[in-house]
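What you see is a predicted model; the values in this text were computed from it and never measured. Chain letters run A, B, ... following the sequence lines, proteins first, then strands; residues in each count from 1.
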Amino acid sequence: MKNRQVSQALKELALLIQIEGTEEYKARAYFRAVRSVGSYGEDIEAVARHGELTNIPGVGKAIAEKIEAFLASGSIPLLDELRKKVPVKVMELEAIPGVGPKTIKLIYEKLGVTDLVSLEKAAQDGLLEDLPGMGTKTQLQIIEGIELLKAGLGRTLLADAMEIAESLRKRIEAHPTVNQIVITGSFRRRRETVRDIDILVDAPDAVSVMEAFTNFEGVIEIIGKGDTKSSIRLENLMQVDLRIIPTESFGAGMQYFTGSVDHNVHLRGIARQKGLKLNEYGLYKDETKIAGENEEQIYEKLGLKWIFPELREDRGEIEAAQNGTLPNLISLDDIKGDLHSHTDQSDGTNTIEEMLGAAAEKGYEYFCVSDHTQSLTIANGMDETRLLRRIDEIDDLNAAGRWKMKILKGAEVDILADGDLDIRDDVLSQLDFVTVSIHSRMKDDKKKMTGRVCHALENKYVHLLGHPTGRLLLKRPEFEIDLEAVFETAKKNNVAMELNAHPKRLDLNSGNLRAATRLGIKISINTDAHRIAELDNMQFGIYEARRGWLEKFHVLNTYSLKDLQRLLKK
DNA sequence: GCCGTTTTCGGCCCGACTGTTTTCAGTCG
């Protein structure tokens, strides 16, 4: 997917326009497009092919043309022109905390600074402190910002952020005057990765809470400290913001700090139309607060149903809340089984009995054991002989009836270079549930990869495509694949798509989930657990599913065993 | 540059904090 490259190009364009300084609103329009393209999820090339770029919020005719130019040629004429005019590496300078467009413009014009290296030198030589509006502190801040950037300031997996956030929550809750505490921001929207943690606290004694917070163990820097807001940096470089909001404004604070930016901007627009004003303290008519203590009131007074945080990305949820057509989102309780798991038979750590015992404790109605197959030698994949033995073993286990849960005979079968499977059909036909996955040749070009996957989906014993794009968050991008063609083939052959719930995968992503379910394709949310503890990863799959507007009926493993078996019939 | 049930023109979210300033500009979220 080229979404990221497109959004980066638009961002550079936006920054350069902003540095020119004459068309602020144009720059803002570009920034809006940067955010919505960056988080759109669906493959931008597919969207462009259908001439639907202007369906993306904030993308109009002019920006759509620029996206098309970029996709066709890898560049945008206006961007090339601006780069010549202002030969500054704006993207790397803007990434420094505390450095924005005005600073970039100033240091370029006065000192000829064009990139990170020349900025660092200028700062160390003490040239920044003499510039108008700057001083020794700003100069030091920039030097530290560059250090921070080099040290790898970035995003954190939601699962990791959750551990940090829970530990902070406990420590803040221990403070005697705290009434309410909520982790807001992209964390509350359950984005796959987060940049920082935003904590909202209702406490009468704000000062002492702030004091305790900034003195927590593990704080390496106090970025800011005021009456109502403080920011700290933790040892792992993650930033944590704490905001104190009074009880009567707590709902407004939650709404405001949960975001997203675009959701909030849209909401404020609606408030303005109604002659109201919305900020983090409440919804106001003139000087009178008409809502603020809880979130529901805010939405209600704006003529909207309350919106689940996972939907708040300004991707149509506000219109749906106006029309009363918000989805009835799936929840963890709806899950009746897990259809992708591993044991020590291949590369898992626990025995089949251990995995089954842990799954049964979750109250599942069914559970599929699906170890790797022979071509994945590194994972000790099974050949036909071992797989047949495994089938007998599961038949015996089901017959013994140690668990009320039905054990489904499965495998995660490798898709070979030509799209054939590495297990014979006569063996596949004896399995209850067949998942096929790509584990090799992940650098194949789009045509080849799409061909391999589609060929595999045409095998009449296949039920599911595992982790369809192969991405590993913060580590490896999706492989080149035409998901549209894959979805079409899947639809034709009654094959479901996996939402792999591992916090590093979350594959399909929310945008692709929406595209797949629009076509009527079923999704299976699976943990792909390689040990007992990973069975708990189902929650992360549910978060992503909710971000993808999924309802119970979209998801294969919310159906009873009987209905599941009916749905799997070809 | 985008957008629309007050609009196809005239708007465009809003407040906290910092540092460099004697009242505000820049950055951030």
Next item on the list: Could you give the distance separating B:dT23 and B:dC13 at their C1' atoms, to the nearest angstrom?
Entry: 23 Å
Next item on the list: Would you tell me if any nitrogen or oxygen in the side chain of A:K277 comes within less than 4.0 Å of OP1 or OP2 on B:dG15?
Entry: yes
Notebook entry, point to check: Looking at A:E280 and A:R243, does any basic side-chain N land under 4.0 Å from a carboxylate oxygen?
Noted result: yes
Check: Side-chain N or O of A:N279 less than 4.0 angstrom from OP1 or OP2 on B:dG15?
Finding: yes
Next item on the list: For nucleotides B:dC9 and B:dT22, find the distance between their C1' atoms and express it as a whole number of Å.
Entry: 41 Å
Tabulate below the donor-acceptor pairs under 3.5 Å that side-chain atoms of residues 45-62 of chain A make, not counting sequence neighbours, or state none.
unit_1: A:R49; atom_1: NH2; unit_2: A:E484; atom_2: OE1; d: 3.0
unit_1: A:H50; atom_1: ND1; unit_2: A:A46; atom_2: O; d: 3.3
unit_1: A:H50; atom_1: NE2; unit_2: A:E484; atom_2: OE2; d: 2.9

Notebook entry, point to check: What integer distance in Å separates A:E24:CD from B:dC2:P?
Noted result: 16 Å
Check: Can we say A:E166 and A:R169 salt-bridge, meaning some charged N sits less than 4.0 Å from an Asp/Glu carboxylate O?
Finding: yes
Notebook entry, point to check: Which value, in whole Å, describes the distance between the P atoms of nucleotides B:dT5 and B:dC17?
Noted result: 36 Å
Check: Whole-Å distance between B:dC28 C1' and A:I142 CD1?
Finding: 15 Å
Margin query: For a quick check of understanding: with a heavy-atom distance under 4.0 Å over all strands, which category does A:R272 fall into, base, sugar-phosphate or nothing?
Written below: sugar-phosphate
Notebook entry, point to check: Can you find a pair of side-chain heavy atoms, one from A:R312 and one from A:S260, that are under 4.5 Å apart?
Noted result: no
Check: Given atom CD1 of A:I76 and atom P of B:dG1, what is their separation to the nearest angstrom?
Finding: 12 Å
Note to self: Please confirm whether the shortest side-chain N or O distance from A:S231 to OP1 or OP2 of B:dC28 is below 4.0 Å.
What the structure shows: no
Margin query: Please give the distance between the C1' atoms of B:dT27 and B:dT20 as a whole number of Å.
Written below: 14 Å
Margin query: I'd like to know if A:E42 pairs up with A:R518 as an ion pair, taking the criterion as any Lys NZ or Arg NE/NH1/NH2 lying under 4.0 Å from an Asp or Glu carboxylate oxygen.
Written below: yes
Next item on the list: Would you please say whether a donor-acceptor pair under 3.5 Å links the side chains of A:Q18 and A:Y30?
Entry: no
Checklist line | A:Y256 (side chain) and B:dC14 (base): donor-acceptor pair under 3.5 Å | finding: yes
Check: Looking for any heavy atom pair under 4.0 Å, which part of the strands does A:P97 touch: base, sugar-phosphate only, or nothing?
Finding: sugar-phosphate
Checklist line | Phosphate contact (B:dC12 OP1 or OP2) by A:R268 side-chain N/O below 4.0 Å | finding: no
Next item on the list: Using heavy atoms to find the nearest nucleotide of DNA chain B for A:N264 and A:G100 separately, return the residue whose nucleotide is more 5′.
Entry: A:N264
Notebook entry, point to check: How is A:I17 classified with respect to the nucleic acid when contacts are heavy atoms under 4.0 Å: base, sugar-phosphate, or nothing?
Noted result: nothing
Checklist line | Test item: A:F31 and A:L15 side chains (from C-beta on) under 4.5 Å apart, heavy atoms | finding: yes
Notebook entry, point to check: Rounded to the Å, how far apart are A:R28 CZ and B:dG26 C1'?
Noted result: 14 Å
Margin query: Can you tell me which nucleotide in B:dG19, B:dG29, B:dC12 comes closest to the side chain of A:T138?
Written below: B:dG19
Notebook entry, point to check: Given that A:P132 and A:L278 both sit by DNA chain B, which one's nearest nucleotide is further toward the 5' end?
Noted result: A:L278
Item checked: Whole-Å gap separating P (B:dT20) and CD (A:Q139) -> 10 Å
Check: Counting only heavy atoms not in A:K2, do more than 12 fall under 6.0 Å of its NZ?
Finding: no
Next item on the list: Please measure how far the C1' atom in B:dG19 lies from the corresponding atom in B:dT8, and state the result in whole Å.
Entry: 44 Å
Item checked: Pair A:R189 + A:E313: basic N to acidic O under 4.0 Å -> yes
Notebook entry, point to check: What is the distance, rounded to the nearest whole Å, between atom CD of A:E319 and atom C1' of B:dT5?
Noted result: 13 Å
Next item on the list: Tell me the partner of B:dT27, counting only Watson-Crick (N1-N3 plus N6-O4 or O6-N4) or G-U wobble (N1-O2 and O6-N3) with both under 3.5 Å; none if nothing fits.
Entry: B:dA16
Item checked: Interatomic distance at C1', B:dA16 relative to B:dG10, whole Å -> 30 Å
Check: Please give, in whole Å, the distance from B:dT5 C1' to A:L304 CG?
Finding: 15 Å
Note to self: Between P on B:dC14 and NE2 on A:H266, what's the gap in Å once rounded to a whole number?
What the structure shows: 15 Å
Notebook entry, point to check: Contact class for A:T136 vs. all strands (heavy atom < 4.0 Å): base, sugar-phosphate, or nothing?
Noted result: sugar-phosphate
Under 3.5 Å between N/O atoms: give me all the protein pairs with nucleotides 16-18 of chain B, atom names plus distance.
unit_1: B:dA16; atom_1: OP1; unit_2: A:Y281; atom_2: OH; d: 2.9
unit_1: B:dA16; atom_1: O3'; unit_2: A:T228; atom_2: OG1; d: 3.4
unit_1: B:dC17; atom_1: OP1; unit_2: A:D227; atom_2: N; d: 3.2
unit_1: B:dC17; atom_1: OP1; unit_2: A:T228; atom_2: N; d: 3.0
unit_1: B:dC17; atom_1: OP1; unit_2: A:T228; atom_2: OG1; d: 3.4
unit_1: B:dC17; atom_1: OP1; unit_2: A:K229; atom_2: N; d: 2.7
unit_1: B:dC17; atom_1: OP1; unit_2: A:K229; atom_2: O; d: 3.3
unit_1: B:dT18; atom_1: OP1; unit_2: A:K225; atom_2: N; d: 2.7
unit_1: B:dT18; atom_1: OP1; unit_2: A:K225; atom_2: O; d: 3.2

Check: Base, sugar-phosphate alone, or nothing: which one does A:Q273 contact when heavy atoms must sit under 4.0 Å apart?
Finding: base
